[in-house]
Amino acid sequence: MAFKKGLWAKKRNFWQLILLAFGLLGPLLYMLPAVRHLEVLIPMGICPLATKPLLRDNFSGHLHLWARPEVLTCTSWGAPIIWDGTFDPDLAQQETTQQNLTIGLTVFAVGRYLEKYLERFLETAERHFMVGQRVVYYVFTERPAAVPRVALGPGRRLRVQRVARERRWQDVSMQRMHSLHEALGGRLGREAHFVFCMDVDQHFSGAFGPEALAESVAQLHAWHYHWPRWLLPFERDARSAAALAPGDGDFYYHAAVFGGSVAALRELTAHCVRGLRRDRARGLEARWQDESHLNKYFWLHKPAKVLSPEFCWCPEIGSRAEIRHPRLLWAPKEYALLRD
């Protein structure tokens, strides 16, 4: 009996060491392209709605979910996942033009991020973001006078909103939700019908049009869209307001792009502000700050539309056959230079 117990204990220790090694080496091995590209072999699932003849979207016309059988094109709650080929861009333009909408685009450019990224972000937005629609850009910065002057097309305007400079970059990230909530309840909310909120350290590389519009819009994270649910980096500390229990969560969404109607975004930002304040009062900080709270919100309140990684792609991942036409590209991360 003692021999069997000793053998069992050795086996247990062996597997604990294997799991520990995987936990430590996994993230390092994942950075190797040859290893990282193996994740494309993980199936994304099949959309049951693709068996239906037509799915109608108020901003895109008829969606062709069956046109991309190699990727997941809808969620379990019936929201479309927008990939290239699932919509007609000309029809989407016509549908939205008839609605006479104004679309807001918010971006935060504080500290060195202003000089490094903002001008290219705005210039490429003029070429690719909601072309043919009325657009109002809202730039949040602590240095309004330093915002570059970018030539804007007809029906497109630029507003600058002053915000306080935070001490830590994490606080900049978390304060964003509070600033957005106030702006949506003020001038931005009066001027725009729908709003997209984006990070500044990226640039547009392809048409980002009205096919992306919906009451609430979430973005699949480029680094995690193939991962099984149990590997997704949700907040798991049960003490945090952003926590998701094991087994919870649908997809992992990227806070670099989210959007929706003014009313829907007011609810989203209010939820995140409450959660961030609750965590701070308890001396906590979620694993990925406001992104963790965003993911908690979209678990509780399912987005009406999900954007595929084509709408916000990281070139470091490399090329993939399923990523046909990236709309936004991440800039190289230079945290040591930009975060002080």
Side-chain angles (χ1 to χ4, degrees), residues 47 49 55-61 63 65 72-83 86-87 92 95-96 99 101-107 129-130 133 135-136 138 176-185 188-199 208-221 224-225 232 234 241-242 244 248-276 288 290-312 327-328:
C47 173
L49 296 181
L55 178 65
R56 176 78 182 177
D57 178 78
N58 291 336
F59 306 99
S60 308
L63 294 172
L65 302 181
L72 184 64
T73 56
C74 76
T75 68
S76 61
W77 60 92
I81 302 177
I82 306 299
W83 294 83
T86 62
F87 64 93
E95 291 276 344
T96 310
Q99 297 181 48
L101 300 176
T102 296
I103 302 161
L105 175 57
T106 71
V107 63
F129 180 75
M130 300 293 169
Q133 307 295 328
V135 171
V136 54
Y138 269 75
R176 174 174 69 155
M177 290 296 180
H178 175 74
S179 299
L180 284 172
H181 185 72
E182 289 192 332
L184 289 163
L188 172 58
R190 294 190 298 271
E191 285 190 317
H193 300 94
F194 291 85
V195 177
F196 277 94
C197 308
M198 298 187 181
D199 284 354
F208 196 113
E211 67 279 353
L213 291 171
E215 182 66 18
S216 61
V217 182
Q219 169 70 54
L220 287 184
H221 200 294
H224 304 300
Y225 70 102
L232 296 176
F234 297 123
L244 290 179
D248 286 352
D250 301 303
F251 306 96
Y252 189 78
Y253 302 114
H254 196 182
V257 177
F258 61 95
S261 70
V262 170
L265 287 178
R266 284 274 290 172
E267 292 183 5
L268 183 156
T269 53
H271 169 93
C272 292
V273 168
R274 287 193 300 268
L276 289 161
W288 296 109
D290 60 329
E291 186 170 87
S292 296
H293 292 271
L294 177 86
N295 273 273
K296 177 65 173 287
Y297 179 85
F298 279 135
W299 164 245
L300 298 173
H301 310 276
K302 311 299 189 190
K305 182 175 285 186
V306 177
L307 302 181
S308 74
E310 291 177 317
F311 283 81
C312 188
R327 270 68 169 164
L328 275 168

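This structure is a prediction, so every number in the text was calculated from the model and none was measured. Nothing fancy with the numbering, it's 1 onward along the sequence.
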Evaluate the side-chain proximity of N58 to E95: yes if any heavy-atom separation is below 4.5 Å, no if none is. no
First locate atom CD1 of I103, then atom OG1 of T96, and finally report the distance between them rounded to the nearest 0.5 Å. 6.5 Å
So, taking the atom named CH2 in W299 and the one named OH in Y252, what distance separates them when rounded to the nearest 0.5 Å? 15.5 Å
Taking all atoms of both residues into account, what is the closest heavy-atom pair of A192 and V136, and its distance? CB-CG1, 4.4 Å
So do the side chains of D250 and T75 get within less than 4.5 Å of each other, counting heavy atoms only? no
Can any side-chain N or O of S216 pair as donor or acceptor with the backbone N or O of A304 at less than 3.5 Å? yes
Criterion side chain to side chain contact (heavy atoms under 4.5 Å, CB included) on H271 and L300, from CA distance to verdict: CA-CA 11 Å; H271 169 93; L300 298 173; 4.0 Å; yes
If you take all heavy atoms of W83 and T86, which pair is closest and at what distance? O-OG1, 2.6 Å
Mind telling me whether F87 and F311 have parallel, tilted or perpendicular rings, with 30° and 60° as the class edges? tilted
Q133 versus F194: any side-chain heavy-atom pair under 4.5 Å? no
Heavy-atom distance under 4.5 Å between the side chains of I82 and L63, does that happen here? yes
Quick one: does D290's side chain get under 4.5 Å of R176's, heavy atoms only? yes
So, does E211 use its side chain to make a donor-acceptor pair with the main chain of G209 at under 3.5 Å? yes
Between atom NE2 of H293 and atom CE of M177, what is the distance when rounded to the nearest 0.5 Å? 9.5 Å
Do the side chain of R56 and the main chain of G61 share a donor and acceptor less than 3.5 angstrom apart? no
For the backbone of A255 and the side chain of E291, can you confirm whether one donor and one acceptor N or O come within less than 3.5 Å of each other? yes
Measuring only between side-chain heavy atoms, which start at C-beta, is L101 closer than 4.5 Å to L213? yes
Please report the C-alpha distance between E182 and H178 in whole Å, then the side-chain angles of each, then the deciding distance to 0.1 Å, and finally whether the side-chain hydrogen bond (donor to acceptor under 3.5 Å, both in side chains) criterion is met. CA-CA 6 Å; E182 289 192 332; H178 175 74; 3.3 Å; yes
If I take atom CZ from residue F59 and atom NZ from residue K305, how far apart are they, to the nearest 0.5 angstrom? 7.0 Å
For a quick test of reading the model, state the closest non-hydrogen atom pair linking L65 to P80 and the distance between them. CD2-CB, 4.3 Å
For the pair F196 and F129, name the ring-plane relationship: parallel under 30°, tilted 30 to 60°, perpendicular over 60°. perpendicular
If I compare all heavy atoms of G249 with all of L244, which pair ends up nearest, and what's the gap? CA-CD1, 4.1 Å
Within-4.5 Å side-chain heavy-atom neighbours: F208 and C312: no
Is the centre of the F251 ring less than 6.0 Å from the centre of the Y225 ring? no
H221 side chain to Y253 main-chain N or O, any donor-acceptor pair under 3.5 Å? no
Nearest heavy-atom approach of C47 to T73 is CB-OG1, 3.3 Å
First locate atom OG1 of T102, then atom CD of E191, and finally report the distance between them rounded to the nearest 0.5 Å. 8.0 Å
Output field: ring centroids F298/F258 closer than 6.0 Å: no
State whether the side chain of W77 and the backbone N or O of P303 hold a donor-acceptor pair below 3.5 Å, judged by distance alone. yes
When rounded to the nearest 0.5 angstrom, what distance separates CG in N295 from CG in D248? 12.0 Å
Considering only heavy atoms from C-beta outward, does the side chain of L105 approach that of M130 to under 4.5 Å? no
Under the side chain to side chain contact (heavy atoms under 4.5 Å, CB included) rule, what do L265 and L180 come out as? Steps first, then yes or no, please. CA-CA 9 Å; L265 287 178; L180 284 172; over 6 Å; no
For A264 versus Y297, what's the shortest heavy-atom pair and its separation? O-OH, 4.1 Å
